[in-house]
Amino acid sequence: MKSIITGFLFLFLSLNVLASDLLEEVDKYRNPSDSYLMQVKIISSNEKEESSFLVYLKGNNKTLIKVLGPKKNLGRNMLMIGENMWVYVPNIRRSVRVSLNQKLTGEAANGDISRMRWAGDYSHKVEKKGAKEWELFLEANKPGLTYSKIKVWIDAQDKRPLKAEFLTLSGKTIKTATYEDYQQTLGLNRPRKIHIVDNLKKDQYSNILIEKMDNKNFPDSMFSEKSLE
Amino acid sequence: MIFLLLLLPLIALSQDFSEESFTVGGRSSYFTNSSEWDNTFLYYVPEYSSETFGETVGLRRKLKLRVLDYVSSDEKVIIDPLDVSAEFFTNNNSFQVGFLRYRFSETFGVQFLDVANPRDYSEFIINDLAWSKRSVFGVNNTYKWNDLQIQLILTLWPNGDRLPYKDSAFDPTNGQIDYQGGVVERPWLKDLEYGTRFKYLFQNGLDLSFLYYHHFSRPTFLDIKFNNQSLPKAVPTNHLVDSLGSSASYVWENWVLRGDALFTFNDLVQEDLINYKKENHFQALAGIDRNFDNFLFGLQLQGDFATQRHFYGVRSEYTNNTWWKPSVMVFRSFKANDQWLQLKSLFESDDWKFSLVYDNIHGGKDEENLFGLYRTEDRFLVDVSFTY
């Protein structure tokens, strides 16, 4: 009897260890290192022009986003520290504080490119383990995040993310993202395209295309409001 | 010298980010009372910035000038260095030198907490906020340790306010006395301004800062003096004063709460139309705003406890259109004797910007009110620019 209990306890603990490592395993496909630079393009069904951004990410809580285009949006740079976000407004030549779930462009929210890691922000459980896919349920463990709950489908073999449904607190799906176009980048197969669909208006979508990715160590001091100007 | 050494590792690195643009535009105001166009000028804004980051150091260079070429007056061509600076980064420290503009305030509109920079008052306070802050030359060091930032600022050239030019619609003397207008000149390396600011971002999202600053009093007042022929002359006057200030911002659900406060010792405070007095000056401002799906909304309360002028402001902008952004703003005193209503329509494409603004000013008949002197200067402002 004792050995059965020990066995179950061991199984439970190892599953938990696996679970806590699991999100980091999923995150590594979208994050090549602790500090990196990426250039993204966003094409949205309801926006005539493409938007381009240069994104500086460091750790789980520092992101600086520079707008590269279109020209009329130049200077509308964004800074995220923890769950706090600032946007530079060129018309009034100053940065202002905004909430993290404010719309960036099309169906993409600021948090969709500034917050690329789930580990640490979300607690999770494995809901289904299929032969090809696993289904995870993520719940925010801090306030102020872009999404309160996320359903994530990952590949059963290599744990790369395939699809995510972003839910409200009440459990209603607001957006669905699919991770596509996996290509060898910085030593791993990484998604180069994230397709986001608005679940309330199914014909509206945004494609986040990762055009360039580079490991780079940025000084902490550059993640300040001054860098937005 | 040490910063030149820090730059060495960067030589081998390519630029991470750079952008350059050139904007050419024109702006003019139509004053409905006099049925005249005035304050007409062309402007040119060349801009370049680049960033390079190595393993532990970084360099950011900026060049942004604004050239104002007046058509409606004999004003000289004005070259404003908006931001001409080099900024050196180590992991926890950034050191910036050049022509700089600082932001201390968390709120919109009046921004009395931004004491480090002079202003452009060529169109009184109804000047577009993007135009109004003038740069100073100095050094700015910011040390960042986790969520704490400590800033030390030394201004070597304080620069001066720019006053409405003579005989313009906003000439405060109304052409009755000898008045120069234009930029208030200040010498380099004399009457230095300096200060320090501590800013802490709390875990719950409260962003709180405290400031001490030694600076020229703002705004500029006019002393009436008599020359040899006993003719009255308006002479710009500022005194060096000390200020303590604080700012805070906090995000609550989708609302952003903001506040600023400033206490200035022995400040120059307006008493009536031509007189000012020296006394301690306390100003405070609190605001709340929110971005809705299609529009943003903001409400602010402002109190000046020396002049006893207290205002509230409401602003809303329609944001659900990429090429047209209309907005409305009302700034009104609680006594209802001062009011500024602004209706703005901004049209923008990738290269072109066209903005049409209507400013309705109400200052009663009492010229001691904030807007009293300019109560007849309702205007339409037209601004067209092209960026390439």
Side-chain angles (χ1 to χ4, degrees), chain A residues 35 37 39 44 46-49 51 54 56 58 61-62 64 66-75 77 81-103 105-106 142-144 214-229, chain B residues 16-17 19 21 51 53-58 60 62 82-83 87 89-94 96 101 103 105-106 108 111 128-131 133 140 142-147 149 201 203 205 207 249-251 253-256 258 289-291 293 322-323 325 346 348-353 387-388:
Chain A
S35 180
L37 177 75
Q39 190 171 319
S44 300
N46 56 352
E47 305 272 343
K48 279 183 191 166
E49 296 142 322
S51 298
L54 195 63
Y56 304 78
K58 188 169 185 181
N61 64 350
K62 295 186 199 76
L64 178 66
K66 298 254 181 182
V67 178
L68 302 176
K71 231 188 274 180
K72 68 178 177 193
N73 288 340
L74 284 180
N77 304 326
I81 297 175
E83 287 73 56
N84 308 291
M85 190 150 208
W86 292 262
V87 174
Y88 188 75
V89 185
N91 282 346
I92 53 170
R93 288 204 181 123
R94 54 174 302 164
S95 54
V96 295
R97 190 129 179 224
V98 295
S99 61
L100 201 60
N101 56 6
Q102 194 174 311
K103 200 165 78 169
T105 180
K142 53 181 85 164
D214 201 4
N215 286 323
K216 203 139 205 186
N217 191 20
F218 302 113
D220 278 357
S221 58
M222 81 173 263
F223 294 92
S224 76
E225 288 172 65
K226 210 149 44 96
S227 292
L228 295 172
E229 296 168 9
Chain B
D16 291 321
F17 172 75
E19 61 179 7
S21 66
E51 286 175 359
F53 290 98
E55 280 298 299
T56 51
V57 293
R60 178 181 293 140
K62 283 185 181 177
L82 294 179
D83 194 348
E87 187 170 9
F89 296 90
T90 58
N91 194 40
N92 292 109
N93 203 72
S94 83
Q96 198 177 15
R101 291 184 299 171
R103 183 185 78 85
S105 66
E106 284 291 344
F108 299 100
Q111 297 174 21
D128 191 333
L129 283 168
W131 289 85
K133 197 182 282 185
N140 170 26
T142 307
Y143 182 79
K144 193 166 188 275
W145 184 63
N146 295 329
D147 295 320
Q149 281 184 50
L201 179 61
Q203 286 295 311
D207 197 7
S249 70
Y250 181 73
V251 176
E253 304 286 328
N254 289 316
W255 293 90
V256 183
R258 312 171 195 277
D289 49 271
R290 178 174 175 170
N291 280 285
D293 283 345
T322 55
W323 58 272
K325 290 184 178 116
L346 172 67
E348 54 183 358
S349 71
D350 212 16
D351 304 310
W352 288 93
K353 252 184 201 173
T387 301
Y388 58 89

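Below, chain A is the first sequence line, B the second, and so on; all start at residue 1.
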Heavy-atom proximity to chain A below 4.5 Å, by part of B:Gln96
side chain
Looking at every non-hydrogen atom in both residues, tell me the closest pair between B:Gly205 and A:Asn84 and how far apart they are.
CA-OD1, 3.5 Å
Out of curiosity, B:Phe89 CZ to A:Ser227 OG, how far, rounded to the nearest 0.5 Å?
4.5 Å
Which bit of B:Ser105 comes within less than 4.5 Å of chain A, counting heavy atoms only: side chain, backbone, both or neither?
both
Kindly compute the distance separating CZ (B:Phe53) from NZ (A:Lys216), expressed to the nearest 0.5 Å.
9.0 Å
Interchain contact, B:Tyr250 with chain A, by part (heavy-atom threshold 4.5 Å)
backbone
Salt-bridge criterion met for B:Arg101 and A:Glu229 (N-O under 4.0 Å)
no
B:Trp255 atom CH2, over 12 foreign heavy atoms within 6.0 Å
yes
Chain A contacts, top residue of B:Asp83, B:Thr142, B:Asp351, B:Asp207 (heavy-atom pairs, under 4.5 Å):
B:Asp207
Does A:Ser221 use its side chain to pair, donor to acceptor, with the backbone of B:Lys144 at less than 3.5 Å?
no
Which atoms of B:Arg60 come close to chain A, meaning under 4.5 Å heavy atom to heavy atom: side chain ones, backbone ones, both, or neither?
side chain
Between B:Val251 and A:Val98, which heavy-atom pair has the shortest distance, and what is it?
CG2-O, 4.1 Å
Side chain proximity check, A:Val96 to B:Arg258, heavy atoms < 4.5 angstrom:
yes
A:Arg97 side-chain N/O to B:Val256 backbone N/O, donor-acceptor pair under 3.5 Å:
no
With chain B, the option among A:Ser95, A:Ser224, A:Ser35 that has the most non-hydrogen atom pairs under 4.5 Å is A:Ser95
Distance check, rounded to the nearest 0.5 Å: A:Leu64 atom CG versus B:Phe17 atom CZ?
9.0 Å
Output for pair (B:Leu201 CG, A:Glu83 CD), nearest 0.5 Å, gives 9.5 Å
Do B:Glu51 and A:Leu54 touch side chain to side chain, with heavy atoms closer than 4.5 Å?
no
Distance-only donor-acceptor check, side chains A:Lys226 and B:Ser94, under 3.5 Å
yes
Short question: side chain of A:Asp220, backbone of B:Asn91 - any donor-acceptor pair under 3.5 Å?
no
